[in-house]
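The structure appears below as structure tokens.
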Amino acid sequence: MATAAAGSLGLLWGWLWSERFWMPQNVSWADLEGPGDGYGYPRARHILSVFPLAAGIFSVRLLFERFIAKPCALHVGIQDSGPYQAQPNAILEKVFISITKHPDEKRLEGLSKQLDWDVRKIQCWFRHRRNQDKPPTLTKFCESMWRFTFYLCIFCYGIRFLWSSPWFWDTRQCWHSYPYQPLTSGLYYYYIMELAFYWSLMFSQFTDIKRKDFLIMFVHHLATIGLITFSYVNNMVRVGTLVMCLHDASDFLLEAAKLANYAKYQRLCDTLFVIFSAVFMVTRLGIYPFWILNTTLFESWEMIGPYPSWWLFNGLLLILQVLHVIWSYLIARIAFKALIRGKVTYPRRIRPRLCTLHSFLTSFLFSMPGGSWTVSSFACKCICASSSQ
């Protein structure tokens, strides 16, 4: 029995790490066991160092939010208090949890007779109860400030590292001598730090205030981790650094706009959002297809030729580009309605209301959970367009 189980496990392990899938023709894992230069070649066992680093990042985040972000929030006038607590009521609580959080007129009248309360008082109770489950502005400010700080730092590090890297100026260098491309210390730290950060987000999801998009963001972080790990094990780290840096370019601007919105600096928020939108469009619709996809599809085909994992990698990058186009279209369409027409019709509303850039930014920024270069990232953002973040 034990022998059969060990044999099945061996077959599964062999299939998972099949050289025919991961490597170009005539290349084996043994060929990459050599020391190379610097840190040698990327190996799957290097990923193990991510977990203690992720725990360290999570600990740093807790200290950062308490001793840096929170004082900054209080300094800009954000109150250290949660939402108004609804008056305890067993009947209304049961309706809220089991039936509906938005009772219609008929149900409100029934509850009014049952409790001998005025309908307006019951409406206020449900509004306070809904707000009670929302994360306080102080908490959201601290979380956004942490992400803003990390995204800004990792983007600056990425630009500094890539500026002296030959493949930043000539993308054909991403495939020169592939897969025999030694792993330098700077490249190793860049990749491992990005991967550790997303693992730390996986940890923090279970301790942060639960949001409606918890499951979606869990899958999002899982896909991010999977794709970064995939490109590392496959030694596509050179082009991977380009993709990560390209997407980090707009992430910190989005978090900065959120911070300005929470602090009620609306003019600054508007300015940051305009800059974010411009950077997003240029990087995702311009640089990404004509720079990244050009090298992964055409230059790599010419220099190393296709193989199974090459098809998978490029397929994911192409899906990502489709999502870039969809999300950019949604941003442009909603912004056009907000700025030119002055009206936006919201679903589940009886009447359209006047929509200034302020109200558009508030709803839009709350819907954005943060970026990454994964395929699921922008799909999650589209799905979460009405979630409370």
Side-chain angles (χ1 to χ4, degrees), residues 16-34 36-47 49-50 154 158 161-162 165-198 222-248 287-321 324 372-377:
L16 182 63
W17 295 106
S18 171
E19 294 169 345
R20 294 182 58 187
F21 173 79
W22 287 96
M23 295 296 170
Q25 291 184 357
N26 303 320
V27 179
S28 66
W29 293 116
D31 297 331
L32 300 179
E33 288 289 350
D37 297 324
Y39 280 62
Y41 299 114
R43 301 295 291 167
R45 59 176 175 266
H46 295 169
I47 304 300
S49 63
V50 164
I154 200 67
F161 167 73
L162 289 172
S165 301
W167 60 89
F168 184 72
W169 307 102
D170 179 12
T171 53
R172 294 178 67 87
Q173 292 293 326
C174 292
W175 316 107
H176 182 70
S177 300
Y178 178 86
Y180 304 106
Q181 297 173 339
L183 184 67
T184 64
S185 59
L187 201 158
Y188 172 80
Y189 291 136
Y190 188 23
Y191 242 78
I192 294 301
M193 186 62 69
E194 286 268 14
L195 187 56
F197 175 71
Y198 283 103
L222 198 63
T224 306
I225 290 168
L227 282 174
I228 294 178
T229 303
F230 171 84
S231 61
Y232 185 85
V233 173
N234 204 31
N235 201 14
M236 290 185 175
V237 290
R238 292 187 177 183
V239 72
T241 57
L242 298 179
V243 178
M244 289 191 297
C245 187
L246 184 70
H247 284 72
D248 288 338
I287 298 176
Y288 181 83
F290 294 105
W291 191 43
I292 300 296
L293 292 182
N294 177 66
T295 189
T296 60
L297 286 172
F298 303 111
E299 293 179 350
S300 65
W301 181 291
E302 177 186 343
M303 297 183 69
I304 63 175
Y307 53 99
S309 64
W310 180 95
W311 287 105
L312 176 61
F313 187 69
N314 279 284
L316 295 174
L317 292 178
L318 286 170
I319 294 173
L320 179 57
Q321 177 57 30
H324 286 168
S372 75
W373 65 286
T374 66
V375 170
S376 65
S377 174

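Worth saying up front: this structure is predicted, and the values here are computed from it rather than measured.
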Any donor-acceptor N/O pair, Thr171 side chain to Thr295 backbone, under 3.5 Å: no
Contact check, side chains of Tyr41 and Asp31, non-hydrogen atoms, under 4.5 Å: no
side-chain contact (heavy atoms from CB on, under 4.5 Å) between Val239 and Phe313, intermediate numbers included: CA-CA 11 Å; Val239 72; Phe313 187 69; 4.0 Å; yes
Any Val27 side-chain heavy atom under 4.5 Å of Tyr180 side chain: yes
Short side-chain to backbone donor-acceptor contact, Asp170 and Arg172, under 3.5 Å: yes
Aromatic plane relationship, Trp310 with Trp301 - under 30° parallel, 30 to 60° tilted, over 60° perpendicular: perpendicular
Close side-chain approach of His247 to Leu320, heavy-atom, < 4.5 Å: yes
Under 3.5 Å side-chain donor-acceptor pair for Thr241 and Trp167: yes
Donor-acceptor contact present, side-chain Gln181 to main-chain His176, <3.5 Å: yes
Donor-acceptor under 3.5 Å (Ser231 side chain, Val237 main chain): no
Trp291: ring-ring contact (aromatic ring centres under 6.0 Å, His included) partners, not counting sequence neighbours: Phe168
Smallest separation among heavy atoms of Ser309 and Asn234, with atom names: OG-ND2, 3.3 Å
Listed partners of Thr296 passing side-chain hydrogen bond (donor to acceptor under 3.5 Å, both in side chains), at least two apart: Asn314
Trp175 CH2 to Ile304 CD1 distance, which is reported to the nearest 0.5 Å: 5.5 Å
Under 3.5 Å donor-acceptor, Tyr288 side chain and Leu317 backbone: yes
Spatial distance of atom CD1 (Ile287) from atom SG (Cys245) [nearest 0.5 Å]: 10.0 Å
Residues Tyr232, Leu195; criterion side-chain contact (heavy atoms from CB on, under 4.5 Å); working and verdict: CA-CA 10 Å; Tyr232 185 85; Leu195 187 56; over 6 Å; no
Atom pair CH2/CE of Trp29 and Met23 - distance to nearest 0.5 Å: 3.5 Å
Ile154 CD1 to Phe197 CZ distance, which is reported to the nearest 0.5 Å: 9.0 Å
From CH2 (Trp311) to CZ (Phe21), nearest 0.5 Å: 13.5 Å
Derivation and outcome, side-chain contact (heavy atoms from CB on, under 4.5 Å), residues Ser49 and Tyr188: CA-CA 11 Å; Ser49 63; Tyr188 172 80; 3.0 Å; yes
Euclidean distance, Leu227 CG relative to Met244 CE, rounded to 0.5 Å: 11.5 Å
